[in-house]
Every structure is written in structure tokens, then in C-alpha cells.
Amino acid sequence: MNQIASQNAPSPKVVVPHFIFGALTWLMVTILIIFHPEAFTQHYFNAELLAITHLLVLGWITMIIFGALYQLLPVIMEVKLYSETLAKISFLLMAIGTILLSLAFWHFSFGPLMFIAGISIVISVSLFVANALLTAHSSNKNVIERTFIVSSVIWLLFTVLAGLTLAINLSHPFLKVSHVELLKLHAHAGLVGWFVQLIIGVSSKLLPMFMVSHHVNTKKLNFSFYTINIGLPIGIIALYLQYKIGVVFSAIMVVAGIVGYLSFLLASYKKRVKKQLDIGMKQSALSFVFLVIPLFLIFTLLLNIDFLNRLTLPLSVAYGSAIVIGFITSLVMGQTYKTLPFIVWLKVYQGKVGKVILPLPKDLYSEKLAIAQVWLFAIGFGFLLIGISTTNTTLVMVSGILLLLSVAFYNLNILKIVLHKPTNE
């Protein structure tokens, strides 16, 4: 695991601000859930839910992923990050753009504020993509993990450009397809093209490393890459043309790719040398249990079962929430405990290894807080799904309170890690 803190690692000043901003944004989202639970019980195209969703996917998840990737790309590709300066500029533009965009959505304002926010985010993502691709280009490690990461950042650029196009279309309509249908296109490009592929690329390298799993066959990952990257473009084109058979075929292809990836993880788990999983890995494992929910819901929604037709809207919101909050957020929170402690540990104790007795990276955070965080998160997420599915704002509010407590514990651990001072040993 010390590979995370490699000699190619960038300065913590590049990485750590992403984790702090992301954690605080996630905390703000839980407060919004408490005070605006109705956002989750209406049609998904409502001002509050759009603002909350973009805070989640940009200010929380994408921000954390950017920071983590700046640390992990040198590990996966065995080269230094191309530019720390580009990373810092990208962080500032993403932070500003996310705040402005969320305000624009909250007030349902499609004027200059949204345009400025969109441009800021597009430039931020373009700098990130350039940094990632130039880092990858300088590496001669032609492995499937690298391929997934490169593909995911290209899909990210497509997603934000599509988002900017949709923002322009809201104020100056020029696309013939319904904006609600275009929103589905934009969302799935981001969820599957960016998040899922990025998760596969990074976790297929890190999770076997954390579990100490050796000689795991990566052919299933090759299958996953091709099925996802064939299925997703077909789905996007089919959504645009309103061709349902194409959407169903796309869903089958993408789900098959995800199942192939899960099969790879299961094989890694069975071959693990490290039998006892720590709290970070337990929450990561929980996230893959939650992944089953949206995989089930997508086909429920596509099949148009008669007695479920009246539940189409709440199940659509539940589907998106299960991916963003259940799967991705849970995984990000879990993996924070596998990456951030090493980053800070390296900064604090570099040069002291082997000379004095040092704490372990896991000693930089409170395991009791982390355990409480996981339990509160799991229960809160359960209440959220039930509240959304039954359009019960009280249950959504209760879920917000439980998630707020969970994220508060998460933030306390983040602060405990980043403010860690060297021991006197």
C-alpha cells in the first residue's frame, strides 16, 4: 500500500484541497436534503434537485476524484504528474464553476450566471483532461487500467460539453429533442462514461493491491471495456433519436460490462492474501452491494411494466440516487481512508522511515468514527430510497439527518487526517 505514496507523487498542496472542498460540499448537500426533501419526491427536472445533483457530481464526487487521480495516476502509470500548476488552476475553476452553477440551477436562472459557470467548468475539465492525457502519454505502461482511465476522461469532456450545450439550449432553444430526454443523455454519459469507467480503471488496480491479490486474470476487464464503450454510444444515439430498442440493447451491453468487472473483483477477493478487511474496504464492499439496486431498476424502468407505470418518476429518481449516493459516494468515502492517510503520512514522515517508530497511516483517523459513519450512511441511504420510492418527504428528511451525521463524522476524520502533526516518537 505504500505504493500510493510513491516518489512520483505530487505535492499534498495539490491533492488535499480537493478532499476538503469535496467533503464540505457533501456536508452541504445533506443539509439541503433535510430542508428541501420535496426535491426528491417531484419530477427529476426540478430546480432544487438539479442544484443538489450538480453539487454532488461536481463539487463532491468529481472534485474528490480529481484530487485522488493526481495522486494515483503516478502509481498506475509509474510517471510523475504532467503539471501541478494545471491541477491547481483546474481546482479553482471547478470550485467556482460548481458554486455558480448550483446557484443558477437553484434559482432556475438560465442567463449569464449559468453560462459563466458552464465555461468555468469546461475549462477546468479541459485542463484536467489535458493533464491526465499528457501524463498517460509519458507512460509506457499499456495496461487495461490506463485504457479505462483515458477513456473515462474523454467521456468526462464530452459530458461537460453536452451539459454546456443543454444550458445554452435552455435559454436559446435550438435542439428539437425534448430537454428531459437530452438530460438523460447527459446524465448517462457522465455516470457510465466518466464515473463507472474511471472507477473500473482505478479500482481494478487498487482493490487487488489493498487486498494483496496476486495473478488475477484481467481478460474480464477487456470484455468490460469493449461492451461499455460499444453499448454507451449506441445508447446515447438511441436516446437522441428516441429509438427504444437501441436503448434496451445499450443497457444490456453496459450491464454486461459491469457484471464482467464485478466478476473480476470477486476473483480478486477470493485470491486475497489479506483476509481481514479494514473499515475503508468494508465501505467500498458495501458500495458494490448498493450497485445491484440501479442495475435492477434500469431494466424495471425500460420494461414499462403496467402496474409500475405510476412509479416511473419516483423510481427514476431512486435509480439516479442509487448510483450517485448509494454506489459512487459510498465507494469514494471508503477509498478516502485508503488514499488520504497515505498522502498526509508521506508529507509528515518523509525522511523518518526506518529511523524512529512511526504511526501507521490508519492511525491518522478514528476507526470508531469511521464505523459509525458507515452504519449511519447505510441506514440513511435506505431511508432515502424508501422515501423517494413512496414520495414520502418525512422519510427523505429523516434520511437527510442520518446522512448529515454520517458526513459530519466523515468530515471530522478528514480534518483529523489533514491536521495530523508528527508524533514525538
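Bear in mind that the values here come from a model prediction, so they are computed numbers and not experimental data.
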Criterion side-chain contact (heavy atoms from CB on, under 4.5 Å) on Ile237 and Tyr240, from CA distance to verdict | CA-CA 5 Å; Ile237 294 170; Tyr240 187 81; 5.7 Å; no

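- Not counting sequence neighbours, the partners of Phe91 by the ring pair (Phe, Tyr, Trp, His ring centres under 6.0 Å) test are His18.
- Inter-residue side-chain proximity for Ser204 and Thr218 is flagged as unmet; no heavy-atom pair is nearer than 4.5 Å.
- The local environment of NZ in Lys347 is sparse, with at most 12 non-hydrogen atoms from other residues, nucleotides or ligands closer than 6.0 Å.
- Between Tyr365 and Tyr337, the angle of the ring planes lies from 30° to 60°, which puts this pair in the tilted group.
- Between Phe19 and Val418, every side-chain heavy-atom pair lies at or beyond the 4.5 Å cut-off.
- Between the side chain of Asn131 and the backbone N or O of Ser83, at least one donor-acceptor pair lies under 3.5 Å.
- In terms of the side chain to side chain contact (heavy atoms under 4.5 Å, CB included) criterion, residue partners of Thr41 (sequence neighbours excluded) are, by chain and number, Glu38, Thr391, Thr393, Val396.
- Applying the side chain to side chain contact (heavy atoms under 4.5 Å, CB included) rule to Val374 yields the partners Ile279, Gln283, Leu286; only residues at least two apart in sequence or on another chain are considered.
- In this structure, the ring of Phe290 has its center no less than 6.0 angstrom from the ring center of Phe327.
- Here the two rings, on Tyr261 and Phe223, have centers that are 6.0 Å apart or farther.
- Side chains of Ile168 and Thr165 form no contact here, defined as non-hydrogen atoms less than 4.5 Å apart.
- You'll find the ring centres of His36 and Trp106 inside the 6.0 Å limit.
- Side-chain atoms of Ser399 do not come within 3.5 Å of backbone N or O of Phe383 as any donor-acceptor pair.
- Summarising the local packing, OH of Tyr269 is surrounded by 12 or fewer heavy atoms from other residues, nucleotides or ligands at distances under 6.0 Å.
- Side-chain contact between Leu166 and Phe110 is absent, with no heavy atoms from C-beta onward closer than 4.5 Å.
- Side-chain atoms of Thr53 never come within 3.5 Å of backbone atoms of Leu50 as a donor-acceptor pair (strictly under, hydrogens ignored).
- Taking the six-membered ring for Trp and the full ring otherwise, Tyr319 and His188 have centroids separated by under 6.0 Å.
- Annotation: His137, atom NE2; neighbour count of heavy atoms from other residues, nucleotides and ligands within 6.0 Å does not exceed 12.
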Yes or no on side-chain hydrogen bond (donor to acceptor under 3.5 Å, both in side chains) for Gln373 and Ser406, after CA distance, side-chain angles and deciding distance?
-> CA-CA 4 Å; Gln373 168 214 302; Ser406 172; 4.9 Å; no

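- Applying the 6.0 Å contact sphere to CZ of Phe45 captures more than 12 heavy atoms from other residues, nucleotides or ligands.
- For the salt bridge (Lys or Arg N to Asp or Glu O under 4.0 Å) test, residues two or more places apart in sequence or in another chain that qualify with Glu181 are Lys184.
- For the pair Asn411 (side chain) and Val407 (backbone), a donor-acceptor distance under 3.5 Å is present.
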Applying ring pair (Phe, Tyr, Trp, His ring centres under 6.0 Å), run through Phe377 and Tyr410 and close with a yes or a no.
-> CA-CA 10 Å; Phe377 176 85; Tyr410 175 76; 9.7 Å; no

Donor-acceptor list for residues 192-201 side chains, cut-off 3.5 Å, not counting sequence neighbours:
{"residue": "Trp194", "atom": "NE1", "partner": "Thr62", "partner atom": "OG1", "Å": "3.4"}
{"residue": "Gln197", "atom": "OE1", "partner": "Ser151", "partner atom": "OG", "Å": "3.2"}
{"residue": "Gln197", "atom": "OE1", "partner": "Asn229", "partner atom": "ND2", "Å": "2.6"}
{"residue": "Gln197", "atom": "NE2", "partner": "Ser151", "partner atom": "OG", "Å": "3.1"}
{"residue": "Gln197", "atom": "NE2", "partner": "Gly193", "partner atom": "O", "Å": "3.2"}
{"residue": "Gln197", "atom": "NE2", "partner": "Asn229", "partner atom": "OD1", "Å": "3.2"}

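- Contacts of Phe158 classified as ring pair (Phe, Tyr, Trp, His ring centres under 6.0 Å), with partners at least two apart in sequence or in another chain: Trp155.
- Put simply, the side chain of Thr135 gets close to the backbone of Tyr82: a donor and an acceptor are under 3.5 Å apart.
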Evaluate side-chain hydrogen bond (donor to acceptor under 3.5 Å, both in side chains) for Thr329 paired with Trp60, printing each intermediate quantity in order.
-> CA-CA 9 Å; Thr329 287; Trp60 155 237; 3.0 Å; yes

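- For CZ of Phe108, the number of neighbouring non-hydrogen atoms (other residues, nucleotides, ligands) closer than 6.0 Å is greater than 12.
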